[in-house]
Amino acid sequence: MRTMGRWLVMLVLALLPAWAAAEDGAELWLRYRPLSQAARSQLQRRAAAIVAPAPASPTVLAAVAELQRGVAGLAGREPALSQKIASGALLLATPASRPELGPQLQELGAEGWLLRSTRLQGREVTLIAANTDIGLLYGSFAWLRAAQTGADLARLDLHSAPRIALRLLNHWDNLDRTVERGYAGQSLWDWWKLPDIRDARYVDYARANASLGLNGTVLNNVNAKAESLTAPFLAKAAALADVFRPWGIKVWLSARFSAPVELGGLKTADPLDPAVRAWWRAKADEIYRVIPDFGGFLVKANSEGQPGPQDYGRSHADGANMLADAVAPHGGAVLWRAFVYAHENVDDRAKQAFAEFQPLDGQFAANVIVQVKNGPIDFQPREPFHPLFGAMPKTPLALELQITKEYLGFSTHLAYLGPLFEEVLQADTGRAGTVARSVRAIAGVANIGTDRNWCGSQFDQANWYAFGRMAWDPDLGARAVAQDWAAQTFTTRPAARDAIVELMLMSREAVVDYMTPLGLHHLMGTGHHHGPAPWVDNLERPDWNPTYYHRADRGGIGFDRSPTGSNAVAQYAPPLARLWADPRTTPSELLLWFHHLPWNYAMPSGRTLWAELIAHYDRGVAAVADMRRRWAMLQPDVDAARHAEVAAYLAVQEREARWWRDACIAYFQSVSGLPLPEGVRPPEHELSFYKALRFGFAPGRGG
């Protein structure tokens with residue numbers, strides 16, 4: 001028995017290194033794993049010590065701690081702390097500590113940074129410089145990213161400043177810890193234990209966001225509860241604000257418009273009523289007493305049943321300006337969402353936001369930002385950019401993107417959203433340059449929860465990362481961002497890194513192909529948005545039905561938004577409107593968004609529309625099969641645990657891609673009455689099989 005006992009001990013000891021090395025994604029892209037021997041040696045020489053301004057603020061302390069942590073992990077040696085400049089030092093400096101830097105930093109603003117390998121007092125040092133302490137923190141993360149991704153640290157000469165001032169996450173988190181459209185576990189915010197118990201992950205959340213340059217977070221769901229504004233919950237939000245403050249992150253709250261009635265006992269929430277305006281001013285004063293740097297309110301009003309100013313015959317500007325007046329004395333702002341649609345809008349849901357908001361241009365207070373989704377419907381796998389961008393020159397706008405994949409396979413399907421973000425940011429509005437040039441703020445609906453890997457799957461982390469990097473610099477390409485993420489997250493070996501990047505870059509288009517090709521949209525299952533359901537036509541509102549959007553019949557398929565249809569195309573700038581009004585000049589990826597065309601319409605490929613549609617479905621399925629093969633070949637370069645997890649998810653994705661393909665082809669064939677083109681595989685089951693599928697407990701229905 002003693003021999004068996006010794007053997008078990010030896011076995012456990014032998015396995016300990018493997019267990020210790022197992023990864024689960026909890027460290028995100030801040031893994032700081034050892035570099036190659038040559039890179040470690042260079043890093044040790046370039047980061048032998050850290051010299052920081054004294055006395056150090058909490059933000060500078062955070063920067064120093066991150067540099068120590070990063071260098072220790074990457075180089076195997078923690079840099080010393082010093083007050084004297086020595087060779088190989090990392091020198092953190094602002095004009096307050098080194099006035100001679102002032103002229104070099106003038107263009108970098110309050111958040112920008114400069115990294116430079118230079119000589120100072122006869123010694124080789126690396127300068128991390130900024131105008132403010134938060135700039136030093138961002139610069140420290142940028143230097144660590146450069147070290148992680150293989151930059152030549154001896155020749156650094158980089159500088160950067162954010163192009164968009166307000167960069168924040170929107171959490172659709174509820175007070176019971178469910179998350180609407182969340183696929184990564186419960187809400188990170190443990191409201192029940194706050195404010196006394198502050199989970200250690202709150203700091204890691206702040207670190208991750210600061211590493212990307214995000215500077216705000218909306219803690220609660222836009223479908224807000226009035227209780228979020230009560231004193232007990234404000235104390236909880238204040239505790240989170242205290243954790244986030246050193247990392248440059250301001251707390252915001254979604255506000256329920258009817259709170260004066262529900263909390264204040266008033267008989268109305270009319271924004272022009274003096275008592276209502278006084279109630280909001282008092283509430284803002286209360287909030288700023290406990291959260292002095294509170295960012296402001298995010299509001300969803302008069303949409304999907306939420307209360308708003310239109311309930312009292314007032315405009316969106318009336319409602320937003322009332323709240324803006326309340327927070328203005330404290331330097332706060334109001335983000336007023338333009339996602340609106342009503343039962344009465346029987347013409348075209350895509351037109352409503354433009355129709356309601358564009359005539360109000362110039363009527364909003366200076367501290368109101370109108371927050372507009374990237375497309376005119378609702379976070380579809382592909383949409384044209386929203387026509388409000390460029391059409392409200394007198395009103396600050398925010399771009400709202402969805403990081404969580406409500407309509408792109410939840411966390412199960414690999415869909416890197418960098419190309420989607422790039423597509424909308426670089427879209428030319430025809431009025432005010434690109435979408436990126438026409439916005440003052442950018443918001444991402446978060447995909448973060450209590451799962452160990454934060455986002456529900458390993459590759460969904462890349463979408464949080466891509467949002468943050470592209471929010472800071474909208475001109476960053478999706479490929480460059482993916483390269484940095486893959487190197488920080490999986491491997492720095494160039495061939496393997498590039499193989500991961502190629503897989504990522506093909507993934508979003510694959511999803512579009514097997515879900516919503518050629519401009520189709522909103523074909524997803526009712527309510528939960530899981531899987532295909534293009535046949536649904538019996539819901540209370542017309543625009544809740546997928547049939548409303550694809551309008552397939554014997555004659556053809558697609559939503560006619562041309563001048564002969566709803567004329568939604570007229571909401572775009574004239575050059576674009578002319579281009580998209582004609583199916584012959586409409587890009588194929590938006591064809592059925594703007595046009596209802598016959599099944600035998602001749603496509604540029606030489607196929608009929610019917611054959612082209614099927615070819616896209618088949619291409620999407622084939623792409624996922626290819627993604628599986630590519631990932632399998634990466635097994636030597638990725639740790640076993642994460643490689644196996646991604647492989648399992650890709651197997652599910654391929655099966656569900658086939659389900660999407662088969663169900664949609666079966667349905668559209670039943671409508672069109674057309675035979676399948678020669679050589680096309682028929683759906684695996686009859687249409688009745690797909691219609692009978694039910695998903696009563698699908699995730700993401702929180703609240």
Side-chain angles (χ1 to χ4, degrees), residues 21-35 62-63 65-74 137-138 140-149 167-169 171 179 182-189 199-215 217 243-244 247-249 403-405 411 414-418 421 444-472 476 480-492 497 500-501 504 638-639 641-643 645-646 649:
E23 296 200 53
D24 55 14
E27 295 172 284
L28 297 165
W29 47 88
L30 302 175
R31 292 167 58 249
Y32 303 138
R33 291 296 186 268
L35 300 172
E66 195 68 31
L67 288 169
Q68 288 183 298
R69 178 179 187 163
V71 173
L74 295 169
L137 179 65
Y138 293 154
S140 297
F141 276 115
W143 183 84
L144 285 167
R145 181 166 60 243
Q148 284 176 284
T149 55
R167 311 170 300 280
L168 45 71
L169 293 179
H171 287 269
V179 182
Y183 311 106
Q186 288 185 297
S187 168
L188 201 61
W189 324 131
D199 194 298
R201 291 193 97 191
Y202 300 158
V203 173
D204 286 334
Y205 167 87
R207 288 177 56 234
N209 282 329
S211 76
L212 306 174
L214 295 173
N215 60 9
T217 183
V243 174
F244 300 159
W247 305 90
I249 299 168
I403 308 171
T404 190
K405 304 201 310 296
S411 61
L414 196 166
Y416 171 52
L417 300 184
F421 299 160
V445 181
N447 63 343
I448 299 161
T450 53
D451 281 7
R452 281 287 295 165
N453 62 30
W454 295 86
C455 300
S457 72
Q458 302 298 332
F459 273 90
D460 273 4
Q461 296 178 3
N463 295 329
W464 178 8
Y465 182 91
F467 171 78
R469 293 290 307 280
M470 297 169 88
W472 177 280
L476 270 179
V481 172
Q483 286 175 333
D484 283 352
W485 179 81
Q488 293 175 266
T489 303
F490 284 119
T491 177
T492 56
R497 178 204 63 198
I500 293 171
V501 169
M504 293 169 68
V638 178
D639 57 280
R642 289 189 299 167
H643 189 276
E645 179 186 320
V646 172
Y649 275 52

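Note that these values count all heavy atoms, side chains included, but never hydrogens, waters or copies made by symmetry. Just so it is clear, the model here is predicted, and its values are computed rather than measured. For this chain, numbers begin at 1 and follow the sequence in order.
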Roughly how far apart are [X] [atom1] and [Y] [atom2], rounded to 0.5 Å?
{"X": "L28", "Y": "Q458", "atom1": "CG", "atom2": "CD", "result": "9.0 Å"}
{"X": "Q68", "Y": "S140", "atom1": "CD", "atom2": "OG", "result": "11.0 Å"}
{"X": "Q461", "Y": "T489", "atom1": "CD", "atom2": "OG1", "result": "6.0 Å"}
{"X": "E66", "Y": "L137", "atom1": "CD", "atom2": "CG", "result": "8.0 Å"}
{"X": "L476", "Y": "M470", "atom1": "CG", "atom2": "CE", "result": "7.0 Å"}
{"X": "L168", "Y": "N209", "atom1": "CG", "atom2": "CG", "result": "10.0 Å"}

Which residues pass the salt bridge (Lys or Arg N to Asp or Glu O under 4.0 Å) test with [X], not counting sequence neighbours?
{"X": "E645", "value": "none"}
{"X": "R642", "value": "E23, D639"}
{"X": "R497", "value": "none"}
{"X": "D204", "value": "R207"}

- [ ] Assess whether side-chain contact (heavy atoms from CB on, under 4.5 Å) is satisfied between L169 and Y205, documenting all intermediate values.
- [x] CA-CA 11 Å; L169 293 179; Y205 167 87; 3.7 Å; yes
I want to check something: taking the side chain as every heavy atom from C-beta on, are [X] and [Y] in contact at a cut-off of under 4.5 Å?
{"X": "L417", "Y": "I403", "answer": "no"}
{"X": "D484", "Y": "T149", "answer": "yes"}
{"X": "T404", "Y": "V179", "answer": "no"}
{"X": "F141", "Y": "L30", "answer": "yes"}
{"X": "W454", "Y": "R201", "answer": "yes"}

Should the pair [X] and [Y] be assigned to parallel (<30°), tilted (30 to 60°) or perpendicular (>60°) ring geometry?
{"X": "W485", "Y": "F490", "answer": "perpendicular"}
{"X": "W472", "Y": "Y138", "answer": "perpendicular"}
{"X": "W29", "Y": "Y465", "answer": "perpendicular"}

Task: Test log, rule side-chain contact (heavy atoms from CB on, under 4.5 Å), inputs V203 and V243 - done: CA-CA 7 Å; V203 173; V243 174; 3.8 Å; yes
Open item on the list: For Y649 and F459, I'd like to know if the aromatic rings sit close, meaning centre-to-centre distance below 6.0 Å.
Closed with: no
Open item on the list: Testing E27, Q148, R145 one by one against Q488 for a side-chain hydrogen bond (donor to acceptor under 3.5 Å, both in side chains), which residue passes?
Closed with: Q148
Task: Geometric cation-pi criterion R469 and W464, 6.0 Å radius, 45° cone - done: no
- [ ] Using side-chain contact (heavy atoms from CB on, under 4.5 Å) as the criterion, list what pairs up with A26, not counting sequence neighbours.
- [x] D24, R452
- [ ] Could you pull out all residues at least two apart from D451 that satisfy side-chain hydrogen bond (donor to acceptor under 3.5 Å, both in side chains)?
- [x] none
